Protein chains: 2
Amino acid sequence: MSLDGPTMDERVPRDFETLRATILDRRESLPKRIAQIAAYALDNPDDIAFGTAASIAASAGVQPSTLIRFAQQLGFDGFTSLQQVFRERLRERNSSYDERLQALRVKAEGGAGHRAIFDGFVAAASTSLNDISRTLDDAHLEDAISLLAKAQTIYVLAKRRSYPVASYIAYALGKLKIRNQLIESAAGLNAEMIAFATPADAVIAISFSPYAPATIEEARNISEQGVPIVAITDSSFSPLAQFARVWFEVAEADFAGFRSLSATMALAMALTVGVGEKRRDAGRKRKA
Amino acid sequence: MSLDGPTMDERVPRDFETLRATILDRRESLPKRIAQIAAYALDNPDDIAFGTAASIAASAGVQPSTLIRFAQQLGFDGFTSLQQVFRERLRERNSSYDERLQALRVKAEGGAGHRAIFDGFVAAASTSLNDISRTLDDAHLEDAISLLAKAQTIYVLAKRRSYPVASYIAYALGKLKIRNQLIESAAGLNAEMIAFATPADAVIAISFSPYAPATIEEARNISEQGVPIVAITDSSFSPLAQFARVWFEVAEADFAGFRSLSATMALAMALTVGVGEKRRDAGRKRKA
DNA sequence: GGGAATATGAAATAATAATTCCAATCCATA
DNA sequence: TATGGATTGGAATTATTATTTCATATTCCC
């Protein structure tokens, strides 16, 4: 029995890393059941954070009292205070990513030097990816892919800032052997090109504010011919939205006056590869 | 009083985002104290996850019973089940950034459906951004920007998969009023275009394995004319590296056979805007 | 192999926390 | 301004959960 007063020799681990180290350190010398719960704790820290003493003990295959003895051996005065450490860990880790992004952004805004510019663009891209990952509507995605998979030719329509995305879509469709036509302005023959499109075809149109007038005009014309349009744009007020059969709202973060394209790119690739898969599946079914 | 049976009309939010949306949606119509705790909940989700009804109520300045009424209004049968949602959120977000990515990747690999494809591309893009953020060499960035800032005309050279990046660079340089020439193959006049370049100009060349032969060939020719090259490529064995005055190694993650472009894009934008800034500074100094 | 020290299991107990209930208050409407 | 309904506060009640206790088992040393 040890009756040392309120100030004990052994320091109680206050943060998770210290705790982890302490456990690992003593691992050898722990009694069987205590070691069992120690291993469980390091393997399933989330369960310790949220579970009740009884539920955790059951999962780990020990008695609740063992769990408490484990906590006491580590210097805590009970399970509850041990649990605090595991909860604190979640609190901190949770914010770590956003904080890192925030730090990057602050550095980019405040800092001088060109590294700051680079960090700014990375932060903008990360933010955009994060956003779209949260907000993308699965049903829209399915609709858009079905629509495009049925098309004889997929026309790809985008100007200026959105043009790189269009050119990547065209490249990817080509690699997947899906017939497509990029509508670019070089030769000034857009109107003629568009005239070939029929309701059996489909369009992917991409435009962000300020909407390139040519893109809008061409989208209007082509939709009047009955060609279904899948639009990627930045708000429900976008003129593109009104012509589109399916449309996606993509909010890209910007930096130094240039918006990121990463979220749009990810969506564009998902559409392209999705169409490729859908066609392959349909092909297989037809053969079988 | 509503005595509707076990199947109630209103769906109980099962995940945090739905819950958040529901709260925001009803915000107007909520009674004062309930609204108070609603605001608190959205502002301090961690506290809801970890606190007790009493402690949370005290922090939010209401009675515990109000907290329970709030939960019930949302369709939960008590505070405890509301709290589950807040805990689940932490479990999922818990993941340090890498773990979250891992989750996304697992979802993309395991999951069927087109959402999985989308998640895969988002994961690839995030990974790439993460990598480049860690590995980019500040000194290289400075060197490249200095080199490009001195150029009379910046030639931009990329084919196939890298072409979208080149077109974005050209767009951005244009917006910044920096003279540039995109070398595309449409008219088959690349050789002639390249012949105009002099050592007072500079080139940004982008190529990834499998390196487009045309890009390599053109890079060789232009470097033999003494025009300095900044290259973005994917390994030190890249044929581009040997012609380049400065070169960046960018490792893009891939998914479904298509590599991400997000890291390359971020670097490209940093170069572009960096050059813009450098020229503006130089201009100011010359005037002063 | 015997005995002391240590570890474990299971149930009793104490504590803490969620929920309910009812009276008081507020608010809209006639 | 009176009245009914909704909202709120606070204490009582019920539930859940952590902790303690003690009997039993195991281990280690002489």
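Labels below follow one simple rule: chain letters A, B, ... track the order of the sequence lines, proteins then strands, and each chain is numbered from 1. Small disclaimer: the values here were computed from a predicted structure and weren't measured.
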Between C1' of D:dA15 and CG of B:Asp77, the distance in whole Å: 14 Å
Per B:Ser65 side chain, nearest of listed nucleotides D:dG10, C:dT19, C:dG9: D:dG10
Atom-pair distance (CZ on B:Phe70; C1' on C:dT20), nearest Å: 20 Å
Integer-rounded Å distance: C:dG9 P and A:Ile37 CD1: 11 Å
For atom CZ of A:Phe79 and atom P of C:dA17, their distance in whole Å: 13 Å
Touch class at under 4.0 angstrom, heavy-atom based, for A:Ile34 against every strand present: sugar-phosphate
Any B:Thr52 side-chain nitrogen or oxygen under 4.0 Å from OP1 or OP2 of C:dT16: no
Pairwise 5' ranking along DNA chain C for A:Ser29 and B:Ala54, keeping only the more 5' one: A:Ser29
Minimum heavy-atom distance between B:Thr66 and B:Arg33, given as atom pair plus value: CG2-CB, 3.9 Å
Rounded interatomic separation in angstrom, taking CG from A:Leu67 and C1' from D:dT17: 12 Å
side-chain N/O B:Gln72 vs C:dT20 OP1/OP2, d < 4.0 Å: yes
Value in whole Å for how far the C1' atom of C:dT6 lies from NZ of A:Lys32: 14 Å
Side-chain donor-acceptor pair present, A:Asp15, A:Thr18, cut-off under 3.5 Å: yes
Aromatic plane relationship, B:Phe258 with A:Tyr168 - under 30° parallel, 30 to 60° tilted, over 60° perpendicular: perpendicular
A:Thr66 vs C:dA7: side-chain N/O to OP1/OP2 distance below 4.0 Å: no
Minimum-distance nucleotide (side-chain atoms of A:Ile68 versus C:dT8, D:dA18, C:dT19): D:dA18
Cationic N near anionic O, under 4.0 Å, A:Asp137 to B:Arg115: no
Length of the CG-C1' vector between A:Leu82 and D:dT19, whole Å: 14 Å
Of A:Arg69 and A:Gly51, the one whose closest DNA chain D nucleotide lies more 5': A:Gly51
Polar contact flag, side-chain donor to acceptor under 3.5 angstrom, A:Thr264-A:Glu252: yes
Atom-to-atom span, CD1 of A:Ile56 to P of D:dT17 - whole angstrom: 11 Å
Phosphate-side-chain proximity, A:Gln63 and C:dT8, N/O vs OP1/OP2 below 4.0 Å: no
